[in-house]
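All heavy atoms count here, side chains included; hydrogens, waters and symmetry mates do not. In this chain, residues are counted from 1 in sequence order.
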Amino acid sequence: MICGVGNLPDNIEATGKSALGLVGANSHDITWMVSQFIYTYGGELMDCTGEEILIGSLEAADGIDFYKNVLGNFAQEGWVEDTGVEVMEAFAAGDIAFEIQGPWGISDVWKKGFPFEVGVIPLSDIGVYSEVGPMMLSMVEGSHSNEAETFIRYMTSIESLEKIMEGEYEPKYDAYYPFRVPLRKDMESSAFFEKYPEFLSFIEGFKLPSINTPCEAWYEIQQNVYPDVLHRIMTDEISIEEGLKEVSQ
């Protein structure tokens, strides 16, 4: 993930606009946003080998505190009830100067008719871990294992990934817009980046990866407990310590 830069005025305080878009609603968006800062501060979500929950650490608490009480001071009004959808809308409207997004943070602005230029800052440049979502492919033993292996090798090839990264179709403009983060570090010279050099910075996210679903054992927690706890922390319903204890139970 990176921080997109929109219409950044010389003196943002004079505009009455917010500097940074944050999410705080009970949704999947808050989990990957906050997890980035947990990793940044040296925390972890789970030891997947022993399936031990590690989010109750002081480092994790520090990461959440920074997100809520430091970055929160510069976020849009009502951010504790916003998802990524509201952040993208605020960014496109010029109500915030920065948003933490993937490639869709750029192409979403393009879809709206290129109302302003969008630049990128890799989070690794400022020592922050970037959320990286893996593409899961599995192979089952059986009579078609050779075909499955051929398919998996193709899906992880540069040729296939270029097609995936071409993105989603927008009927309004009869065009495809890049949407996904590149999955290989050796794609810098590929045809995709010759066409879309704006997205090269996203490869930097692999330097400091934050994996929001580190293993299957964490998945149920992430789906059923984690987002609700984080939301209640942001709304001051519970303290950070109380929330981490609840997730760790």
Side-chain angles (χ1 to χ4, degrees), residues 1-2 23-68 83-84 100-103 122-124 126-142 145 148-149 151-153 155-157 160-161 164-165 180-187 202-234 238-249:
M1 293 296 165
I2 63 168
V23 301
N26 181 357
S27 72
H28 171 68
D29 290 335
I30 193 175
T31 67
W32 64 259
M33 283 279 280
V34 173
S35 291
Q36 293 176 110
F37 293 95
I38 288 176
Y39 279 96
T40 297
Y41 273 77
E44 295 181 64
L45 303 180
M46 173 175 276
D47 171 12
C48 292
T49 302
E51 297 189 356
E52 177 186 1
I53 298 175
L54 302 177
I55 198 173
S57 67
L58 291 175
E59 291 82 2
D62 287 342
I64 297 173
D65 180 71
F66 178 78
Y67 182 90
K68 177 180 185 288
T83 68
I100 301 175
Q101 296 286 6
L123 290 181
S124 59
I126 54 176
V128 176
Y129 280 56
S130 301
E131 199 273 331
V132 177
M135 179 177 68
M136 299 297 185
L137 293 172
S138 61
M139 185 166 60
V140 180
E141 290 186 10
S145 59
E149 183 176 348
F151 173 72
I152 290 174
R153 289 188 182 279
M155 288 299 292
T156 56
S157 69
S160 173
L161 293 177
I164 292 172
M165 291 191 302
R180 292 297 173 190
V181 177
L183 300 174
R184 293 176 59 141
K185 296 180 181 179
D186 61 348
M187 294 186 68
F202 287 90
I203 293 180
E204 298 295 310
F206 289 110
K207 288 183 177 179
L208 299 173
S210 161
I211 309 299
N212 194 33
T213 310
C215 52
E216 184 178 356
W218 177 258
Y219 181 76
E220 184 176 347
I221 297 172
Q222 179 183 309
Q223 292 293 107
N224 302 320
V225 181
Y226 193 33
D228 176 64
V229 165
L230 289 178
H231 173 62
R232 287 188 284 130
I233 288 174
M234 301 308 157
I238 55 175
S239 68
I240 294 174
E241 292 72 21
E242 289 171 333
L244 293 182
K245 184 177 180 180
E246 187 173 330
V247 176
S248 299
Q249 290 176 346

Check: Between Tyr67 and Val23, is a side-chain contact (heavy atoms from CB on, under 4.5 Å) present by the stated rule, with each step listed?
Finding: CA-CA 10 Å; Tyr67 182 90; Val23 301; 3.6 Å; yes
Check: What do the steps show when you test Ser35 against Tyr129 for side-chain hydrogen bond (donor to acceptor under 3.5 Å, both in side chains), and what is the final call?
Finding: CA-CA 9 Å; Ser35 291; Tyr129 280 56; over 6 Å; no
Next item on the list: For the pair Ser210 and Val132, evaluate side-chain contact (heavy atoms from CB on, under 4.5 Å) and give the outcome as yes or no after the intermediate values.
Entry: CA-CA 6 Å; Ser210 161; Val132 177; over 6 Å; no
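In summary, of the residues considered (Asn212, Leu45, Leu208), a side chain to side chain contact (heavy atoms under 4.5 Å, CB included) with Tyr39 occurs for Leu45 alone.
Residues Ser130 and Leu123 share a closest heavy-atom pair of OG-CB, 3.5 Å. Shortest non-hydrogen contact noted between Ile203 and Arg184 is CD1-O, 4.2 Å. The nearest pair of heavy atoms linking Gly56 to Leu244 is CA-CB, 4.2 Å. For the pair Gly243 and Ile238, the tightest heavy-atom approach, listed with the atom from each and the gap, is CA-CD1, 3.6 Å. For Ala25 against Thr83, the heavy-atom pair with the smallest separation is CB-CG2, 3.8 Å. Here the closest non-hydrogen pair linking Val247 and Ile221 is CG1-CG2, 3.8 Å.
Residues Ile164 and Met155 meet the side-chain proximity criterion, which asks for heavy atoms closer than 4.5 Å. Between Met33 and Glu131, the closest side-chain pair of non-hydrogen atoms is not below 4.5 Å. Looking only at side-chain heavy atoms (C-beta outward), Tyr219 and Asn224 stay at 4.5 Å or farther from each other. Using a 4.5 Å cut-off on side-chain heavy atoms (C-beta onward), Glu44 and Ile38 make no contact. Contact check for Ile53 versus Trp218: side-chain heavy atoms found under the 4.5 Å cut-off. Inter-residue side-chain proximity for Glu52 and Leu54 is flagged as met; some heavy-atom pair is nearer than 4.5 Å. No side-chain heavy atom of Tyr41 sits less than 4.5 Å from a side-chain heavy atom of Leu58. When side chains are defined from C-beta on, Ile64 does not count as touching Phe37, because their heavy atoms never get closer than 4.5 Å.
Looking at residues two or more places apart in sequence or on another chain, you find a salt bridge (Lys or Arg N to Asp or Glu O under 4.0 Å) between Lys207 and Glu204.
A salt bridge is absent between Glu242 and Arg232; no separation between the charged side-chain nitrogens and carboxylate oxygens falls under 4.0 Å.
One distance of note links CG of Asp65 with OG of Ser239; it measures 11.0 Å at 0.5 Å rounding. Asn26 contributes atom CG, which lies 11.5 Å from atom CE of Met234 (distance to the nearest 0.5 angstrom).
Within 6.0 Å of atom CZ in Arg153, 12 or fewer heavy atoms from other residues, nucleotides or ligands are found, so the atom counts as exposed in its surroundings.
Between the side chain of Ser27 and the backbone N or O of Asp29, at least one donor-acceptor pair lies under 3.5 Å. Side-chain atoms of Ser57 come within 3.5 Å of backbone atoms of Ala60 as a donor-acceptor pair (strictly under, hydrogens ignored). Of the possible polar contacts, none joining the Ser160 side chain to the Thr156 backbone as a donor-acceptor pair under 3.5 Å is found.
In this model, a donor atom of one side chain and an acceptor atom of the other lie less than 3.5 Å apart for Gln222 and Thr213.
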